[in-house]
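For reference, the structure discussed in these notes is given below.
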Amino acid sequence: MEHNFKVRTIKKRDIIGLLFLISFSGLIFSKLLLKYTDSSYAEYDSILFVASIVASILSAKMILENWYFWIVINLSYIILYLFKDAYLT
């Protein structure tokens, strides 16, 4: 059985649109976190959460640029964990 998977790329214009989507959705989600939880760094965490969802969708659609998103997201999470004093144990 042969599978015909094809990795695609997206245009810079689409990446910019995704960044706006991540920013807008992350800020909306952060308002919910701030209202219903006592989360520290709610804005930062919300934007990273939404970005992770977007990167997962890009990965599922086999879009090459998902790697750029994941690299930035993972590095940003490391910074967030350092700010929260959540060191690797």
Side-chain angles (χ1 to χ4, degrees):
M1 183 173 186
E2 184 178 317
H3 295 286
N4 211 4
F5 297 119
K6 192 171 189 179
V7 176
R8 300 179 293 142
T9 61
I10 56 176
K11 297 176 182 175
K12 289 181 183 179
R13 162 179 61 90
D14 296 330
I15 293 173
I16 292 170
L18 288 172
L19 293 175
F20 279 116
L21 174 73
I22 290 168
S23 300
F24 181 72
S25 301
L27 291 176
I28 290 173
F29 190 69
S30 72
K31 299 299 180 193
L32 293 172
L33 274 181
L34 289 170
K35 184 174 182 177
Y36 296 109
T37 68
D38 61 348
S39 175
S40 60
Y41 303 103
E43 295 88 356
Y44 194 64
D45 200 14
S46 297
I47 290 172
L48 290 176
F49 169 73
V50 172
S52 297
I53 299 289
V54 170
S56 294
I57 292 169
L58 292 176
S59 180
K61 291 186 172 201
M62 298 187 72
I63 295 175
L64 183 65
E65 287 79 6
N66 82 79
W67 287 100
Y68 302 131
F69 282 87
W70 280 120
I71 290 168
V72 171
I73 291 165
N74 288 331
L75 291 173
S76 299
Y77 266 122
I78 290 170
I79 294 168
L80 177 64
Y81 293 150
L82 290 174
F83 280 140
K84 288 187 169 190
D85 294 324
Y87 303 110
L88 182 64
T89 57

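Quick note: residue numbers are just sequence positions, from 1. Computed from heavy atoms alone, side chains included, the values below leave out hydrogens, waters and symmetry copies. Remember, it's a predicted structure, so these values are computed and weren't measured experimentally.
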Quiz item: Which residues satisfy the side-chain contact (heavy atoms from CB on, under 4.5 Å) test with K61, sequence neighbours excluded?
Solution: R8, I57, I63

Exercise. Identify, with sequence neighbours excluded, every residue that meets side-chain contact (heavy atoms from CB on, under 4.5 Å) alongside S40.
Key: K84

Exercise. Indicate the atoms forming the closest heavy-atom contact of L34 with E43, along with that distance.
Key: CD1-OE2, 3.4 Å

Quiz item: By ring-ring contact (aromatic ring centres under 6.0 Å, His included), which residues pair with Y41, not counting sequence neighbours?
Solution: F83

Quiz item: Can you list the other members of the hydrophobic cluster that holds F20, where links are side-chain heavy atoms under 4.5 angstrom apart?
Solution: I16

With a cut-off of 3.5 Å and sequence neighbours excluded, list every side-chain donor-acceptor pair involving residues 45-55.
{"from": "S46", "atom 1": "OG", "to": "S30", "atom 2": "N", "distance (Å)": "3.3"}
{"from": "S46", "atom 1": "OG", "to": "A42", "atom 2": "O", "distance (Å)": "2.7"}
{"from": "S52", "atom 1": "OG", "to": "L48", "atom 2": "O", "distance (Å)": "2.9"}

Practice problem: Would you please name every residue forming a side-chain contact (heavy atoms from CB on, under 4.5 Å) with K35, sequence neighbours left out? | Solution: none

Exercise. Treat each ILVMFWY residue as a node, draw an edge where side-chain heavy atoms are under 4.5 Å apart, and state whether I15 and L21 are in one component.
Key: yes

Exercise. Output all residues satisfying ring-ring contact (aromatic ring centres under 6.0 Å, His included) with Y36, sequence neighbours left out; order by chain, then residue number.
Key: none

Exercise. Could you work out the complete set of other residues in the hydrophobic cluster of I28, with links drawn between I, L, V, M, F, W and Y side chains under 4.5 Å apart?
Key: F24

Self-check item: side-chain hydrogen bond (donor to acceptor under 3.5 Å, both in side chains) partners of D85, counting only residues at least two apart
Solution: Y87

Practice problem: Output the distance between atom CG (L19) and atom CG (D14), rounded to the nearest 0.5 Å. | Solution: 11.0 Å

Quiz item: Taking only residues at least two apart or on different chains, which pairs with a member in residues 60-80 satisfy ring pair (Phe, Tyr, Trp, His ring centres under 6.0 Å)?
Solution: Y77-Y81

Self-check item: I71 CD1 to N66 CG distance, which is reported to the nearest 0.5 Å
Solution: 9.5 Å

Exercise. Tell me whether I10 is reachable from L64 by hopping between hydrophobic residues (I, L, V, M, F, W, Y) whose side-chain heavy atoms are closer than 4.5 Å.
Key: no

